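As structure tokens, the structure follows; a few thoughts come after it.
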Amino acid sequence: MTATVIDGKAFAANVREQIGAHVAKIKGENGITPGLAVILVGEDPASEVYVRNKGKQTIEVGMNSYEHKLPADVSEDELYALIDKLNNDKNVHGILCQFPVPDHLSEQAIVARIDPAKDVDGLHVINAGLLASGQRSLVSCTPLGCLMLLRDHLGSLSGKNAVVIGRSNLVGKPVAQLLLGDSCTVTIAHSRTANLEEVVRQADIVVAAVGRPKMVSGDWLKPGATVIDVGINRIEKPEGGTRLVGDVDYESCAAVAGAITPVPGGVGPMTIACLLANTVTACCRANGLAEPVGLTA
Ligand code: NDP
């Protein structure tokens, strides 16, 4: 079997197009422009690239982008004062702080300070709790991207056996909640899971969010399984330099799976697309407008 490649780059472009259309509609009919505020503390080069990409894509879909760069030694009080100001700004519908932040700041406390209705990263405990209890929430972006790709590829997920490898609050747990919400039978595996290969072999859907290069190999899979590879790992190339690989061994898995996401070009591009989707959703909820269809859980 040769797996169908799930093209996350193309799908994300399609999602951005839908967002652009919805933004244009809101602007035209209601005179409201969704706005996303991004806070960057310090000068981490990778974070600067992410923030630049987020800002660029925000503007491309017609939304307002507000970037707030703070020095690495900013005090907690100064950062919280900015978050409070953004929480109260009617032109700002989504707020995110780019992580990691310097050690003297607490990521948990920063997320807790953000108004849950503007928490477009979906990390606030209120949003995590709403998701866990099956209520309307803002869902963290990478898990939402995984769900969209699976729904698009498989249609109904009801009754499928899903194994999520990884139990982080950022990826593994919300992915599992989303799949449960779509009536999958969900197993969450982690570093203490016994007989991981056997567990994975039961799965119609495998989501790997581990952070270990090429850990899942083709002989772990049930033939025809759908594989979503969340991992982003940089490894050395034998000829020098580095390249990105996922948590799944692509070559051996593509020979057994029914469908698979590549790395790069699979889940990765969906993350920013879902951030934009969450910002439009938050804007619509704040203003009592119809939400875009198909861009929420
Ligand atoms: P974390 O390190 O927070 O969590 C990793 C999880 O994997 C943990 O639950 C851990 O188990 C589990 N794990 C580690 N080793 C094993 C093992 N040998 N067998 C089974 N489970 C194991 O990572 P994240 O969830 O934040 O990220 C996971 C991956 O996804 C990373 O590669 C990251 O770069 C990538 N990522 C990609 C994004 C994207 O946009 N595509 C966005 C976010 C993350 P335990 O809890 O027991 O320690």
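Sequence positions, counted from 1, serve as the residue numbers for this chain. Every number for a ligand or one of its atoms is a count from 1 in the order of the listing. Since the structure is predicted, the reported quantities are computational estimates derived from the model, not experimental observations.
Proximity of Ile260 to Val248: side-chain heavy atoms (C-beta onward) are separated by under 4.5 Å at one or more points.
The pair Arg113-Glu76 does not count as a salt bridge, with every side-chain nitrogen at least 4.0 angstrom from each carboxylate oxygen. Using a 4.0 Å cut-off between charged nitrogen and carboxylate oxygen, Glu60 and Lys56 count as a salt-bridge pair. The existence of a salt bridge linking Asp204 and Lys222 is confirmed by a sub-4.0 Å separation between a basic side-chain nitrogen and an acidic carboxylate oxygen.
Listed by atom number, the atoms of ligand 1 under 4.0 Å from Gly268 heavy atoms are 41 (N). Taking a cut-off of under 4.0 Å to the non-hydrogen atoms of Gly166, the atoms of ligand 1 that pass are 6 (C), 7 (O), 9 (O). Shown in contact with Asn233 at under 4.0 Å from a heavy atom are these atoms of ligand 1, numbered in order with element: 32 (O). For ligand 1, the atoms lying closer than 4.0 Å to a non-hydrogen atom of Leu170 are 26 (O), 43 (C).
Enclosure of atom OH in Tyr50 is not indicated, since only 12 or fewer non-hydrogen atoms of other residues, nucleotides or ligands lie within 6.0 angstrom. The number of heavy-atom neighbours closer than 6.0 Å to CD of Glu17, taken from other residues, nucleotides and ligands shown, is 12 or below. When the shell of 6.0 Å around NZ of Lys90 is examined, it contains 12 or fewer heavy atoms from other residues, nucleotides or ligands.
The single protein non-hydrogen atom nearest to atom 15 (N) of ligand 1 is Arg212 NE, 2.8 Å, given as residue, atom name and distance. Summary of contacts: the protein heavy atom closest to atom 31 (C) of ligand 1 is Gly211 CA, 3.6 Å. At the shortest separation from atom 4 (O) of ligand 1 among protein heavy atoms lies Ser168 CB, 3.8 Å. Scanning all protein heavy atoms for the shortest distance to atom 35 (C) of ligand 1 gives Val230 O, 3.5 Å. The protein atom (non-hydrogen) at minimum distance from atom 40 (O) of ligand 1 is Thr271 OG1, 2.8 Å.
Looking only at distances, a side-chain donor or acceptor of Asp247 sits under 3.5 Å from a matching main-chain atom of Gly211. Panel note: side chain Ser47, backbone Glu43; no donor-acceptor pair is recorded below 3.5 Å. The backbone N or O of Met148 lies less than 3.5 Å from no partner atom in the side chain of Asp152, so there is not a single donor-acceptor pair.
For atom 8 (C) of ligand 1, the choice among Arg192, Arg167, Arg234, His190 with the nearest heavy atom turns out to be Arg167. For atom 23 (O) of ligand 1, the choice among Val175, Val171, Val210, Ile188 with the nearest heavy atom turns out to be Val210. If you check each of Val263, Thr142, Ile272 against atom 38 (C) of ligand 1, the one with the closest non-hydrogen atom is Thr142. Comparing Gly8, Ala209, Ser191 by heavy-atom distance to atom 45 (P) of ligand 1, the nearest is Ser191.
Ligand 1 has no N or O atom lying under 3.5 Å from any N or O atom of Ala189, backbone or side chain.
Counting heavy atoms closer than 4.0 Å to ligand 1, residue Thr193 contributes nothing at all. At a heavy-atom distance under 4.0 Å, atoms from both the backbone and the side chain of Ile232 approach ligand 1.
Across Ala208 and Val216, no two heavy atoms sit closer than the pair CB-CG2, 4.3 Å.
Using 4.0 Å as the threshold, Met215 has a heavy atom nearer than that to some atom of ligand 1.
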